[in-house]
There are 2 protein chains.
Amino acid sequence: MNPPIPLRRRVRTSAVTLKDVAERAGVAPITVSRAINSPDSVSPSLRALIDVAVAELGYVPNRFAGALASAESRIIPVIVPSLSNAVFIEVIEGIQAILEAEGYQLLLGNTQYDLERETALVSTLLGWSPAGIIVAGLRHAERTRALLRGCGRPVVEIMELGTRPIDMNVGLSHSRAGTMMGEHLIARGYRRIGFVGGWLDGDYRAMQRFRGLDRALAAAGLERRPPFTFAGGSSPEIGGDQLLAVMAQAPELDALFFANDDLAVGALLRAAHAGIAVPGRIAIAGFNGLGISALTRPSLTTIVSPRCLIGETAARKLLARVAGTSSGPDRVDVGCHLAIREST
Amino acid sequence: MNPPIPLRRRVRTSAVTLKDVAERAGVAPITVSRAINSPDSVSPSLRALIDVAVAELGYVPNRFAGALASAESRIIPVIVPSLSNAVFIEVIEGIQAILEAEGYQLLLGNTQYDLERETALVSTLLGWSPAGIIVAGLRHAERTRALLRGCGRPVVEIMELGTRPIDMNVGLSHSRAGTMMGEHLIARGYRRIGFVGGWLDGDYRAMQRFRGLDRALAAAGLERRPPFTFAGGSSPEIGGDQLLAVMAQAPELDALFFANDDLAVGALLRAAHAGIAVPGRIAIAGFNGLGISALTRPSLTTIVSPRCLIGETAARKLLARVAGTSSGPDRVDVGCHLAIREST
DNA sequence: CTGAAAGCGCTTACAG
DNA sequence: CTGAAAGCGCTTACAG
């Protein structure tokens, strides 16, 4: 007699399954599941048996089966506009530190400052049944907003602070940061102050910093100028080029507020090369408070944003919501502070 | 009569399922599945119907169900030792650019230069049935190696190049890079050359660069010194501190090769502050070729590694393996080149 | 505290 | 080219 031939053969996802462990331990699969997910609901004696079986077999739970059955996964997508900017890296590190300790996995999405890509990413990432989602910014396509509103999962919008977040919101006011820097420059005696940033349509948080500066200039009765913009991203190289370009175009300026430290540090380095005295001929300021900003010569006046804290706070609030515990108000202003240094 | 009461109510993972689309389009669910995953296997007329239904209902496939059924997911974990180092960010960007275009998701793991954390990460991440896995470095715990060998999925080890990779290997020879820099410094006339790097037990690629330098010194019959090490990571701040510390300890040195550009740039900035002439009093060199290295004053001599290319190549080779197509040899040397600038 | 049954939403393996 | 059935490996919802 031939043994019965199985009609269907399937690929096995994992070598060892819950069933294998259950057989080894002499219990039902569901008991193994409980021993792993809520140990307290299983008697100590069975739990011990099961723990041994798990260890002996080297059992690793299949995340897909678990997620499919429970309709929730320990995945948390984090959507940022860029990785080139060190700011988002630090936010991501802050998030990861918290998530990993709780057994959650971070799924990285990069929109490259493109709101349509953001929609596509959100749509795809929701297919992973995430426990929640963290997304940079408050500005989204209508469809993105609808997806996030309708997904029934906690959402944290980070970096900036607004009045109508989708759900939770952790960040700082970029226009207030701009005003803060404007007031500093004015107090220092600068009177012809310009703003330099690339591609402000995409990086609208930089645009808000410009608006904040503009408000300070208006309040002081000083001349207001449109921002000096250019196509492209932010790097020290570009910052250096822009310093020279802007000074050629508007030689009357006595201070420049760059959209971020990457640009401002480049401007400082280029000024040194070109023999432009900072702040004697022109003052230079940045935004972010990257480590390097304190080390240049002259050191850079900038606004320090608590990136790591943003990430940690966002992750904590998300996990608290998932767990059903309270984590205080849904809107957290992490603030920022002015670091006054030699360049202004 | 009451309608029959369903005995079990379950959470629905996604609002719209394959079945919903199938009903709307008047076909079987499997046909919808085919229309989405291998459109060519469905007749154009049905495909059109299905496309409409998908769009109308806003269907997003449940990744977990798909992964569970097929025992493969479009997930590719990438395990790096650090995110603070810009080098790994650029590698990750390179990987992501390729993966995203093919509909794969990157799952980020950060070992923080801890091989036990690496083992735990690999174990967890394999629970996601990844299509393959990319991991930085060739040095792993025995258990990590066993997990990767036994997982039956393509593995790419990146950054450095070795003779016994687990599977595929994309990187460069760090000892050769060290030798290259050593030969450059010797050719420039420097004779008392030191190496500075933090925590070389963990960052053993930096250690390999030291060994390469040491080999060049030996070949030239010059005095060899143990590396100047310290506890802690790499940042411009630390680089500046170390410059002063090493010069106090070994004032006879006429050139310093720093383990990376983060340290070296900090050393250059600190030298400027402290009035130490570079390269007159002491030459300074780095490794990586970060953008900022070309902008300091003096600009930094360094070795440029093709980070983005490493990421792209690793991702391409992994996907080729998944697809069963060829992508050339399993071991790719991406090389590196010396950028000779003002600091040496 | 423990378990048998049903089901999560897909894809595989056949069959036509 | 299309489909009915079975199954992927878990968890939920009951029942005891």
Side-chain angles (χ1 to χ4, degrees), chain A residues 4-23 25-50 54 57 59-75 126-129 131, chain B residues 4-23 25-50 54 57 59-75 126-129 131:
Chain A
I5 296 166
L7 278 178
R8 287 142 206 290
R9 238 177 308 145
R10 302 291 302 261
V11 191
R12 301 208 60 189
T13 300
S14 48
V16 181
T17 69
L18 203 62
K19 205 173 149 220
D20 299 326
V21 178
E23 280 169 10
V27 298
I30 181 62
T31 305
V32 178
S33 171
R34 287 193 186 107
I36 290 170
N37 296 315
S38 48
D40 291 341
S41 67
V42 174
S43 66
S45 57
L46 278 190
R47 201 164 54 211
L49 267 177
I50 290 166
V54 165
L57 296 173
Y59 172 64
V60 177
N62 181 312
R63 305 282 165 180
F64 295 115
L68 178 60
S70 67
E72 62 181 46
S73 76
R74 299 211 145 207
I75 275 187
L126 286 178
W128 294 103
S129 304
Chain B
I5 296 167
L7 279 176
R8 286 144 205 289
R9 239 176 308 144
R10 300 292 300 262
V11 191
R12 302 209 60 189
T13 300
S14 48
V16 181
T17 69
L18 203 63
K19 205 174 150 218
D20 299 325
V21 177
E23 281 169 9
V27 298
I30 181 63
T31 305
V32 178
S33 170
R34 286 192 187 108
I36 290 171
N37 296 315
S38 48
D40 291 342
S41 68
V42 174
S43 65
S45 56
L46 278 190
R47 201 165 56 210
L49 268 176
I50 290 167
V54 165
L57 296 173
Y59 171 65
V60 176
N62 181 312
R63 304 284 165 180
F64 294 115
L68 179 60
S70 67
E72 61 179 47
S73 75
R74 299 211 145 209
I75 276 188
L126 286 178
W128 294 103
S129 303

Please confirm whether the shortest side-chain N or O distance from A:Thr31 to OP1 or OP2 of C:dT2 is below 4.0 Å. no

Could you check how far CZ of A:Phe64 sits from C1' of D:dG7, rounded to whole Å? 17 Å

Look up atom OG in B:Ser129 and atom CG in B:Leu68, then write down how far apart they are to the nearest 0.5 Å. 8.0 Å

Looking at B:Pro39, is its backbone amide N or carbonyl O close enough to the side chain of B:Arg47 to form a donor-acceptor pair, meaning the two atoms are under 3.5 Å apart? yes

Could you tell me the separation between the CG atom of B:Asn62 and the P atom of D:dC10, rounded to a whole number of Å? 16 Å

note: B:Arg63, atom CZ; D:dG9, atom C1'; distance rounded to Å ~ 20 Å

Do A:Val27 and A:Val32 touch side chain to side chain, with heavy atoms closer than 4.5 Å? yes

Please examine the side chains of A:Leu18 and A:Pro61, heavy atoms only from C-beta on, and report whether any two atoms are closer than 4.5 Å. no

Just say parallel, tilted or perpendicular for the rings of B:Trp128 and A:Phe64, cut-offs at 30° and 60°. perpendicular

Among C:dA13, D:dT12, C:dT11, which is the nearest nucleotide to the side chain of B:Arg34? C:dA13

What nucleotide, of C:dT12, D:dT11, D:dC10, holds the atom closest to the side chain of B:Ser70? C:dT12

Closest to the B:Ala28 side chain: D:dG9, C:dT11, D:dG3? D:dG3

With heavy atoms under 4.0 Å as the rule, sort B:Ala65 into base, sugar-phosphate or nothing. base

Rounding to an integer number of Å, can you tell me how far A:Leu68 CG sits from D:dC8 P? 13 Å

Could you measure the distance from the OH atom of B:Tyr59 to the CG atom of B:Leu57? Nearest 0.5 Å is fine. 10.5 Å

Mind calculating the distance between CG (B:Leu18) and P (C:dC8) to the nearest angstrom? 13 Å

Rounded to whole Å, how long is the line connecting atom CZ of B:Arg74 with atom C1' of C:dC10? 15 Å

Distance from B:Ile75 atom CD1 to A:Arg63 atom CZ, nearest 0.5 Å? 11.0 Å

Side chains of B:Thr31 and B:Ile50 in contact at under 4.5 Å (non-hydrogen atoms): yes

Whole-Å distance between D:dT11 P and A:Glu72 CD? 10 Å

Where does DNA chain C form stems of at least three consecutive Watson-Crick or G-U wobble pairs, each pair having both distances below 3.5 Å? C:1-3 with D:14-16, C:5-12 with D:5-12, C:14-16 with D:1-3

Measure from CD on A:Glu23 to C1' on C:dG3 and round the result to the nearest Å. 15 Å

With a 4.0 Å heavy-atom cut-off, tell me which residues in residues 39-46 of chain B come close to DNA chain D, sorted by residue number. B:Ser41, B:Val42, B:Ser43, B:Leu46

Output all residues satisfying side-chain contact (heavy atoms from CB on, under 4.5 Å) with A:Ala48, sequence neighbours left out; order by chain, then residue number. none

